[in-house]
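Note that the structure is predicted; figures quoted are calculated from it, not measured.
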Protein chains: 2
Amino acid sequence: MRYVKEHKLQTRSRIVEMASYGLRQNGADGVSVADLMKLAGLTHGGFYSHFESRDALVVEAFALAMDRTVSRWLELTRVMPVEERFDVVVDAYLSPDHRDNQQSGCALPALGADIARSNQKARRRLARKLEEMIDVLARLLPQKSPAEARQVATGAIATMMGSIVLARAAGNKMLSDDILHAGRQAVRNQAAVRTAK
Amino acid sequence: MRYVKEHKLQTRSRIVEMASYGLRQNGADGVSVADLMKLAGLTHGGFYSHFESRDALVVEAFALAMDRTVSRWLELTRVMPVEERFDVVVDAYLSPDHRDNQQSGCALPALGADIARSNQKARRRLARKLEEMIDVLARLLPQKSPAEARQVATGAIATMMGSIVLARAAGNKMLSDDILHAGRQAVRNQAAVRTAK
DNA sequence: TGTACATCAGTGAACGCGCGTTCACTGATGTAC
DNA sequence: TGTACATCAGTGAACGCGCGTTCACTGATGTAC
């Protein structure tokens, strides 16, 4: 064996990571296998020794991007006072920076609709990642009951991802900024109602 | 002239209408020109005597679908007492029926992300349709100031479309239903805060 | 009223291209001696 | 320590296919006579 056993796994990870950028940027159908491999510094021929199909990579890349978003939320809130944590996440999500950097942003606005048209297996995997995301966000609302926190977190994620899609789609700077602002207000209002446990 | 002048325009309209169903169902990249023409009962050869390119049809079909949604909201609320109108629209949007009938539903959840990756011209056209949609929904909140109604309507549309995308993407019936429910609550809470003018 | 004709909406074969996928091959590498 | 070797990660040509688009043609139709 001329290569350490981890070498191929590292290459595979690199492909998934770079693909997650390319796919978020251009959509699930917007990048060819050859281009995805080029992003990882490889040629397309070796692709099928790493993945069963292009679709399999798309699902993996999506899952990785979801994990990264969750990790980012955890990092972002670690050193924050409890009562500011939720708003910090919301403000970072609904920022011009996130709107303008699709390739490194949350996978939901970029790929959600593609997953919705995908097969059941992919949608189940998304569902699990989405539940994780909801749980992490709900834990940033400790002043609410678990059930209410979960409901608010679910609505907040829907509002945040919808706002980002619309803000990116609107070919009109002023409208786009208005959408981000309205999204922030909307999430705050959702969280504010019946704050008491 | 062997055909009345409106004949070709009617055919064109039929193509746009049928395309709007096919594209909402399968995404902007999910249906071929040949299939889109077949939906209208035609063959693909005549396509370019009606449209400059496939993209041009996609944009027209998207715009038509947006108009239909706005018309639907107006019909739905015409005979309703003023104070119930907003909720009627929200409940119809965030219904299992809308989630499960992508082809005849709102174009934003189905095609928003595709438009976000489209050219500036298409995005400007979307922006105009989106402003219309926001205005119509804002007018269903007459108890708020125009500025606040517009902000709430914007946030509500983001929440509604985000919830539908997530509810469709979640390969898990219970989660999907939870998302619709959380979306309804979220929109209500957004509208409820500071209701007074 | 009947017929020949010009028009043009719609047809379907053909094009070039890029895609996902396959496969015979290469060459860098750790190991055996 | 140096060399021959087996392995297999990665290469790039080739495949079949479906796509968007083009174009020469057809045939149904309203009009002129």
Quiz prompt | side-chain N/O T11(B) vs dG10(C) OP1/OP2, d < 4.0 Å | solution = yes
Extract all donor-acceptor atom pairs below 3.5 Å that involve side chains of residues 107-116 of chain A and protein atoms in other chains or at least two apart in sequence.
{"from": "D114(A)", "atom 1": "OD2", "to": "A28(A)", "atom 2": "N", "distance (Å)": "3.1"}

Quiz prompt | ring-ring contact (aromatic ring centres under 6.0 Å, His included) partners of residues 109-146 of chain B, not counting sequence neighbours, each pair once | solution = none
Practice problem: Give every residue pair that meets the salt bridge (charged side-chain N to carboxylate O under 4.0 Å, His left out) criterion with at least one member in residues 14-34 of chain B, sequence neighbours excluded. | Solution: E17(B)-R68(B)
Quiz prompt | Those residues that, when tested against H181(A), pass ring pair (Phe, Tyr, Trp, His ring centres under 6.0 Å) (two or more places apart) | solution = none
Self-check item: Consecutive-pair stems (at least three Watson-Crick or G-U pairs, under 3.5 Å) that include DNA chain D
Solution: C:2-33 with D:2-33
Show the atom names and distances, to 0.1 Å, of all donor-acceptor pairs under 3.5 Å that link a side chain in residues 31-43 of chain A to residues at least two apart or in another chain.
{"from": "S32(A)", "atom 1": "OG", "to": "D35(A)", "atom 2": "N", "distance (Å)": "3.1"}
{"from": "S32(A)", "atom 1": "OG", "to": "D35(A)", "atom 2": "OD2", "distance (Å)": "3.4"}

Quiz item: Got a sec, which pairs hit salt bridge (charged side-chain N to carboxylate O under 4.0 Å, His left out) with one end in residues 49-64 of chain B, sequence neighbours left out?
Solution: R12(B)-E60(B)
Quiz prompt | Those residues of residues 17-43 of chain A lying under 4.0 Å from DNA chain D by at least one heavy atom | solution = L42(A), T43(A)
Practice problem: Under the ring pair (Phe, Tyr, Trp, His ring centres under 6.0 Å) rule, collect the residues that match up with F47(A), sequence neighbours excluded. | Solution: F51(A)
Quiz prompt | Residue pairs, two or more places apart or on separate chains, that pass ring-ring contact (aromatic ring centres under 6.0 Å, His included) and touch residues 55-89 of chain B | solution = none
Less than 3.5 Å apart, which donor and acceptor atoms pair up between the side chains of residues 153-169 of chain A and the rest of the protein, not counting sequence neighbours?
{"from": "T154(A)", "atom 1": "OG1", "to": "R150(A)", "atom 2": "O", "distance (Å)": "2.8"}
{"from": "T159(A)", "atom 1": "OG1", "to": "G155(A)", "atom 2": "O", "distance (Å)": "2.9"}
{"from": "T159(A)", "atom 1": "OG1", "to": "Q190(A)", "atom 2": "NE2", "distance (Å)": "2.8"}
{"from": "T159(A)", "atom 1": "OG1", "to": "T159(B)", "atom 2": "OG1", "distance (Å)": "2.7"}
{"from": "S163(A)", "atom 1": "OG", "to": "T159(A)", "atom 2": "O", "distance (Å)": "2.7"}
{"from": "R168(A)", "atom 1": "NE", "to": "R99(A)", "atom 2": "O", "distance (Å)": "3.0"}
{"from": "R168(A)", "atom 1": "NH2", "to": "H98(A)", "atom 2": "O", "distance (Å)": "3.0"}

Polar atom pairs between nucleotides 22-25 of chain C and protein, under 3.5 Å, N or O only, would you list them?
{"from": "dC23(C)", "atom 1": "N4", "to": "G45(A)", "atom 2": "O", "distance (Å)": "3.1"}

